[in-house]
2 protein chains.
Amino acid sequence: MASRRGEGETATTPLEPADRERARAIPEAAVARLAVYLRVLSGMSDQGVTAVSSEELSQAAGVNAAKLRKDLSYIGSYGTRGVGYDVEVLVSHIERILGLTRNHSVAVVGIGNLGHALANYGGFPGRGFPVTALFDVDADLVGIPVGGIPVNHIDEITAVCLEREVSIGVIATPPPAAQSVCDRLVSAGVQCILNFAPVVLQVPDNVEVRKVDLAVEMQILSFHVARRADEAAGVSDANNGLGVDGMVIRP
Amino acid sequence: MASRRGEGETATTPLEPADRERARAIPEAAVARLAVYLRVLSGMSDQGVTAVSSEELSQAAGVNAAKLRKDLSYIGSYGTRGVGYDVEVLVSHIERILGLTRNHSVAVVGIGNLGHALANYGGFPGRGFPVTALFDVDADLVGIPVGGIPVNHIDEITAVCLEREVSIGVIATPPPAAQSVCDRLVSAGVQCILNFAPVVLQVPDNVEVRKVDLAVEMQILSFHVARRADEAAGVSDANNGLGVDGMVIRP
DNA sequence: TCGACTTTGTGCATGCGTTCACAAGCGGTA
DNA sequence: TACCGCTTGTGAACGCATGCACAAAGTCGA
């Protein structure tokens, strides 16, 4: 209702000024890793582990220990020298920094194969992201519940998103529809979009877009396959010097 | 056929030594963007566009023009100064560099919601990635075709992957099964893996893994929501310096 | 209480990727 | 043919992220 994000934001954690400053300084890459640490830590917590060292945690998360410590230092100093980190403490601080103390309701647009998969994900791994709205153009789908949530028609995006306070929109439509859907989400006040359509979305500056592009991922892998094959097939190492260091290699 | 990658690699484009050297020097980030350029260019090609300038192309791809030119320079100099690039020429060179001249057959493991979606993707947007094998543990699924391909039991991974020369494995299983599936794929000779399971996979050095982690993506978005809300709610800018002792905090 | 050992937090250096700015090169035109 | 304007290709500067190495700080045992 009237709880547009305008003012007090008192509903959630206090978020002290110092943290806010810190949050702004966290490198994007570190944020992504924090999310991974959080998952690993949650798993440990479930198994009754209460303390962990940077070495253990880094190994479980598949990163360098120094990098992990630096990442954690971005959110504050919550470790104990000589001992390590308290799992619960770390979990709660990472959750706070990542904004997981709020409830982010999610809308999925495009109930095709992928949309179904997303709708059934059921809040996504771990708590925190309830899917509260589904949309599609197809009239045959409208009204039918998927994963417990009824599908609305795409024309209702604005109304429904505002009503249910959707903060994250997921686009799983065919490419041609993506930009139009994106525009509607934006006009409904959605400021974060996760885009699965292979399209470069145009959005205002105040909207954050992340894209998941399967074709691109496959092609990157393809590149590596090709590189590997070339290395193997081509003269194993007879790249007889020249080049290597500097990109430049002119004929 | 004896077309294992052992020797001449005569089946596909010649790939001259100079290109091989160049390919090795292409930054990972640039490879990802090349894939995007390729899609944009393909779209232009379909619409009958034959030439394009770096400015136009960069705008369509959502990147900086200088960056685009540098990215293209990694694969060679195929533009014409004062004119721009020939769309077809660029398409074919990017395809070659990305290794899309070969056929990469794909195996999807885990035919749940996501697996269904992937199987039905039908070769993925654009040509080049035929899904040739599906696997699941569930005996009820085995034998039933999904997207035209019959599902095999997970125990058959090695045999089937070798037989169908699978070069890319996609893991869409629940988290606990992911590592075991990964190991099987690796032992079947699969050197590239796209992992949708929220798990950090352990693989030998010669295997390339890319992961798509929805939870992480959502959490990154959540972080930005939180940051935005804080900026809006918190005294608009009264971050009156003195941000902790810490580093950074620029005026 | 003291000392030895362990692990964090971080200044610093290194390397990679992005951005800038401009010379080189090409087509069109007189 | 010679000039002019446009666009590419790239050297160089910059900035961010990674990794190293060590001092600071805490625990544990004697």
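Just so you know, these numbers use all the heavy atoms, side chains as well, and skip hydrogens, waters and symmetry mates.
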### Message
I'd like to know if A:Arg81 reaches the base of C:dT7 with its side chain, counting only an N/O donor and acceptor under 3.5 Å.
### Response
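Such a pair does not exist between side chain and base.
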### Query
Within the modelled atom types, does a donor on one side and an acceptor on the other bring the side chain of A:Lys70 and the base of D:dG19 under 3.5 Å apart?
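Answer is yes: a donor-acceptor pair is held.
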Measure the distance from [atom1] on [X] to [atom2] on [N] and round it to the nearest whole Å.
X: B:Ile75; N: D:dT8; atom1: CD1; atom2: P; value: 14 Å
X: B:Glu28; N: D:dC16; atom1: CD; atom2: C1'; value: 18 Å
X: B:Ile26; N: C:dC16; atom1: CD1; atom2: P; value: 15 Å
X: A:Tyr78; N: C:dT10; atom1: OH; atom2: P; value: 12 Å
X: B:Asp71; N: C:dC16; atom1: CG; atom2: P; value: 16 Å
X: A:Asp86; N: C:dT7; atom1: CG; atom2: C1'; value: 15 Å
X: B:Tyr74; N: D:dG11; atom1: OH; atom2: P; value: 11 Å
X: B:Arg69; N: D:dT8; atom1: CZ; atom2: C1'; value: 6 Å

Would you say [X] and [Y] make side-chain contact, with heavy atoms under 4.5 Å?
X: A:Val31; Y: B:Arg227; answer: no
X: A:Leu57; Y: A:Leu90; answer: yes
X: B:Leu118; Y: A:Leu214; answer: yes

Any [X] side-chain N or O less than 4.0 Å from OP1/OP2 of [N]:
X: B:Ser54; N: D:dT7; value: no
X: A:Asn64; N: D:dC20; value: yes
X: B:Tyr85; N: D:dG9; value: yes
X: B:Lys67; N: C:dT19; value: yes

### Message
From C-beta outward on A:Pro27, which listed nucleotide comes closest to its side chain: D:dA17, D:dT18, C:dA23?
### Response
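Looking only at side-chain atoms, A:Pro27 lies closest to D:dA17.
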### Query
Quick one: which of C:dC26, C:dT19, C:dT18 gets closest to the side chain of B:Arg33?
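Taking heavy atoms from C-beta onward, the closest nucleotide is C:dT18.
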### Given DNA chain D, 5'-ward residue of the pair A:Gly82 and A:Ala30, judged by closest heavy atom
A:Ala30
### Query
Sub-3.5 Å donor-acceptor pair from the side chain of A:Arg33 to the main-chain atoms of A:Asp71, do we have one?
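Such a contact is absent between A:Arg33 side chain and A:Asp71 backbone.
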### Query
Partners of A:Val89 by side chain to side chain contact (heavy atoms under 4.5 Å, CB included), sequence neighbours excluded?
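Testing A:Val89 for side chain to side chain contact (heavy atoms under 4.5 Å, CB included), a comparison that skips the adjacent residues, returns A:Tyr78, A:Asp86, A:His93.
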### Query
Using a cut-off of 4.0 Å on non-hydrogen atoms, how would the nucleic acid contact of A:Ala66 be classed: base, sugar-phosphate, or nothing?
base
